[in-house]
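Ligands are counted one by one from 1 in listed order, and the atoms in each one are counted from 1 as well.
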Amino acid sequence: MNPVRIGIIGLGTVGAATVELLNTNANQISARIGRSVVVTHASVRDPSKPRDCDLSQIELVSDPATLVSHPDIDIIVELMGGTDLALKLCQQAIANGKHLVTANKALIAEHGNQLFAAAHQQGVAIGYEAGVAGGIPIIKAIREGLASNNITSVAGIINGTGNFILSEMRDKGRAFDDVLAEAQQLGYAEADPTFDVEGIDAAHKLAILASIAFGIPLNFKAVYTEGITKLTAEDVNNAEKLGYRIKHLGIAQRSEQGITLRVHPTLIPQSQLIANVHGVMNAVRVESDAVGESLYYGPGAGGGPTGSAVVADILDIARTIDADAQQRVPYLAFQPDQLNDLPLLEIGAIESAYYLRLQANDQPGVMAQITKILGDLAISIEAIEQTEPAPDDRHATIIMLTHRVTEQSMTKAIKQIEALPTINGAITMIRVEHFNTRQSS
Ligand code: NAP
Ligand code: HSE
């Protein structure tokens, strides 16, 4: 059989690793799929820059438009990032009948609905495994491995940079900016690292996971998003003392009322596996009716793991390139005409336990005022601790853990407590997840 011909747009961290992997494991790849895969063309912004891969067999160009219309390319692999030029190029590639592989979760989360519709019309495949959780084959696991299950929840650490920063700060006491700079150097971070630390990257990934888990169109704008930049060392230490660990989680849940999608720092009991996922590692926890709870773990960023996912998608497409398009696994796990528009609920609708930290005047009656507000809103306290004020300070710090309650009630309580004249400044609120294991059916 003829080789499958690849054109790669972008030879940075992921692109170079993809080329290297295709070269290094060429024999086993052709043994697996029954034909060889060759990168014939690649496009970069600056062709004079040295690359971390062998370019001797590759025609290197600076204009990516030449690749998407090239008659001798079967699969376009988009590894340049961004959602402007990348979108145009992918649209052109699809219109020209090329199959597409991308690691660009922003592109899929924000424009996937239209790209998949266009690809369906053209009968071409789109692979995007590399977009979520790096080296963990989580798209395949949910879309194919759990295809018989009703999935009710997907939650996880889905940004390697953020987890690397939180781990290094907690374990080694390193400064935020210093660890972020290292993550950039290691090739983990996005071109704009605010995507990592403000939760936008995790929101992109969560929108994709929710879509394939629940059979809904991509809804990036519906994801409630908080980053890790406002976390303080004080809260990280308090969480540890209380037996919890703070992780930056993406959580998608389905209930009878609808779907909630959220990304935020979360306290998790230290005994949970997911609380012990450190560094650049990611973990995704899925709850489904037949399996119950399953957890998927692996490196969430970096050239090797991401390149591995890119190559897996290339091989999947290469295997079925001559087959009837109807026989392929649907882009978003369900047939395009079977996607549900389930209601997307606001963050106020979630139910969660909460960690609160506040500063109050060190005087009699303050605690009673606070607990009355909570009691009136049926918010029950699991633990409460007050630290003595420093000699030159008249404010005591109160730390509280609550039982589960709706976010609407908690927000109301926080507003009322902050309005008390005995309370100093804003209350810090962090959601708490216990992940109580449910039995499979
Ligand atoms: P990167 O290292 O910055 O590489 C981007 C590549 O795209 C560079 O080779 C760059 O060329 C090329 N490029 C940019 N604009 C171009 C243009 N207008 N025309 C032609 N080439 C252009 O980025 P990366 O980390 O590999 O990430 C690539 C994609 O993978 C992104 O969508 C990212 O979100 C995704 N991703 C990354 C990781 C990771 O761990 N890094 C993991 C999962 C997904 P020059 O080198 O000449 O500048
Ligand atoms: N910047 C992303 C992360 C790359 O750190 O998780 C992997 O998607």
Side-chain angles (χ1 to χ4, degrees), residues 7-20 41-53 55 60-68 76-90 101-111 128-136 138-139 156-167 179-180 182-206 208-209 228 248 250 263 277 279-284 298-310 313:
I8 300 191
I9 304 175
L11 289 178
T13 303
V14 183
T18 298
V19 171
E20 275 307 279
H41 297 77
S43 155
V44 290
R45 230 173 344 212
D46 176 3
S48 67
K49 218 156 98 177
R51 302 284 157 189
D52 291 331
C53 58
L55 296 177
L60 196 61
V61 300
S62 61
D63 180 8
T66 58
L67 265 59
V68 297
I76 290 290
V77 179
E78 183 278 304
L79 301 172
M80 65 183 281
T83 51
D84 295 328
L85 182 57
L87 175 62
K88 281 196 195 107
L89 292 166
C90 290
V101 171
T102 180
N104 191 338
K105 51 268 160 141
L107 180 74
I108 294 297
E110 295 180 29
H111 302 288
Y128 54 95
E129 179 69 70
V132 184
I136 310 175
I138 190 65
I139 303 291
I157 296 168
I158 47 179
N159 183 270
T161 302
N163 201 41
F164 180 65
I165 292 173
L166 287 182
S167 304
V179 191
L180 174 58
E182 190 183 346
Q184 288 177 290
Q185 206 181 17
L186 290 167
Y188 299 160
E190 295 303 300
D192 176 356
T194 57
F195 275 46
D196 296 292
V197 297
E198 294 298 356
I200 301 159
D201 178 73
H204 284 139
K205 293 166 178 167
L206 190 72
I208 296 171
L209 291 176
I228 56 171
H248 197 209
V263 170
V277 171
V280 74
M281 304 308 271
N282 280 190
V284 181
T306 313
S308 159
V310 170
D313 273 347

Quiz item: Hey, does G131 sit under 4.0 Å from ligand 1 if you only count heavy atoms?
Solution: no
Quiz item: Looking at atom 9 (O) of ligand 1, what's its closest protein heavy atom, distance included?
Solution: L11 N, 2.9 Å
Practice problem: Rounded to the nearest 0.5 Å, what's the gap from CG on L67 to CD1 on I9? Could you check? | Solution: 5.5 Å
Quiz item: Strictly under 4.0 Å, does any heavy atom of P64 approach an atom of ligand 1?
Solution: yes
Quiz item: Taking only heavy atoms of D46, which atoms of ligand 1 are found under 4.0 Å from at least one of them?
Solution: 47 (O)
Practice problem: Note the single closest protein heavy atom to atom 42 (C) of ligand 1, along with its residue, its atom name and the distance in Å. | Solution: T306 OG1, 3.2 Å
Quiz prompt | atom 41 (N) of ligand 1 [closest protein heavy-atom partner, distance rounded to 0.1 Å] | solution = G187 O, 2.8 Å
Quiz prompt | For A103 against A130, the heavy-atom pair lying closest together | solution = CB-CB, 3.7 Å
Practice problem: First locate atom CG of N159, then atom CG of D196, and finally report the distance between them rounded to the nearest 0.5 Å. | Solution: 4.5 Å
Exercise. Please name the residue in the list V14, T102, T306, N104 that meets the side-chain contact (heavy atoms from CB on, under 4.5 Å) test with L79.
Key: V14
Exercise. With sequence neighbours left out, write down each residue that passes side chain to side chain contact (heavy atoms under 4.5 Å, CB included) with S167, or none if nothing qualifies.
Key: N163, D171, K247, H278
Exercise. Enter the distance from D192:CG to I200:CD1 here, rounded to the nearest 0.5 Å.
Key: 7.0 Å
Quiz item: With K105, which of E78, E129, E190 fulfils salt bridge (charged side-chain N to carboxylate O under 4.0 Å, His left out)?
Solution: E190
Practice problem: Just need the protein heavy atom nearest to atom 23 (O) of ligand 1, so name the residue and atom and give the distance. | Solution: T13 N, 4.6 Å
Quiz item: Can you find an N or O of G302 that's nearer than 3.5 Å to an N or O of ligand 1?
Solution: yes
Quiz item: Would D84 and K88 pass as an ion pair if we require N to O under 4.0 Å?
Solution: no
Quiz item: At what distance is the nearest protein heavy atom to atom 37 (C) of ligand 1, and which residue and atom is it?
Solution: V14 CG2, 3.5 Å
Quiz item: S43: heavy atom below 4.0 Å from ligand 1, yes or no?
Solution: yes
Practice problem: For residues L11 and L60, determine if any side-chain heavy atom of one lies less than 4.5 Å from a side-chain heavy atom of the other. | Solution: yes
Practice problem: Over all heavy atoms of both residues, which pair between Y128 and I139 is shortest? Give the atoms and the distance, please. | Solution: CE1-CD1, 3.9 Å
Quiz prompt | Ligand-residue contact atoms, ligand 1 with A301, heavy atoms, under 4.0 Å | solution = 40 (O)
Quiz item: Does the protein place any heavy atom closer than 4.0 Å to atom 26 (O) of ligand 1?
Solution: yes
Quiz item: Given that the side chain starts at C-beta and the backbone is N, CA, C, O, which of these parts of A130 lies under 4.0 Å from ligand 1, counting heavy atoms, or is it both or neither?
Solution: backbone
Quiz prompt | Shortest non-hydrogen separation from V310 to V77 and the atoms involved | solution = CG1-CG1, 3.7 Å
Exercise. Find out whether P193 and T161 are in side-chain contact, i.e. whether some heavy atom of one side chain is under 4.5 Å from a heavy atom of the other.
Key: no
Could you list each nitrogen or oxygen of ligand 2 that sits under 3.5 Å from a protein nitrogen or oxygen, with the atom names and the distance?
residue  : atom  : partner : partner atom : Å
ligand 2 : 1 (N) : Y188    : O            : 2.7
ligand 2 : 1 (N) : E190    : OE2          : 2.7
ligand 2 : 1 (N) : D196    : OD1          : 2.7
ligand 2 : 5 (O) : G160    : N            : 3.4
ligand 2 : 5 (O) : T161    : N            : 2.8
ligand 2 : 5 (O) : T161    : OG1          : 2.6
ligand 2 : 5 (O) : Y188    : O            : 3.1
ligand 2 : 5 (O) : D196    : OD1          : 3.4
ligand 2 : 6 (O) : N159    : ND2          : 3.4
ligand 2 : 6 (O) : G160    : N            : 2.7
ligand 2 : 6 (O) : K205    : NZ           : 3.0
ligand 2 : 8 (O) : K105    : NZ           : 2.5
ligand 2 : 8 (O) : K205    : NZ           : 2.8

Self-check item: Heavy-atom proximity to atom 46 (O) of ligand 1, best of E190, M80, R45, R51
Solution: R51
Exercise. Give the minimum heavy-atom separation between P64 and L85, together with the two atoms involved.
Key: CG-CD2, 4.5 Å
Quiz item: Quick one: does E78 get a heavy atom under 4.0 Å from ligand 1?
Solution: no
Quiz item: What's the shortest distance from atom 35 (C) of ligand 1 to any protein heavy atom, and which residue and atom give it?
Solution: A103 O, 3.3 Å
Quiz item: Any side-chain heavy-atom pair from T66 and H41 closer than 4.5 angstrom?
Solution: no
Quiz item: Is the number of heavy atoms from other residues, nucleotides or ligands under 6.0 Å of D52 CG greater than 12?
Solution: no
Practice problem: Distance to 0.1 Å, residue and atom name: give those for the protein heavy atom nearest to atom 4 (O) of ligand 1. | Solution: G12 CA, 3.3 Å
Quiz item: Quick one: are T18 and V101 in side-chain contact, heavy atoms under 4.5 Å?
Solution: no
Quiz item: So between G10, A42, G160, G81, whose heavy atom ends up nearest atom 32 (O) of ligand 1?
Solution: G81
Quiz item: Under 4.0 Å from ligand 1, counting heavy atoms only, is it the side chain of L85, its backbone, both or neither?
Solution: side chain
Practice problem: Report the nearest protein non-hydrogen atom to atom 28 (C) of ligand 1: residue, atom name, distance rounded to 0.1 Å. | Solution: L79 O, 3.3 Å
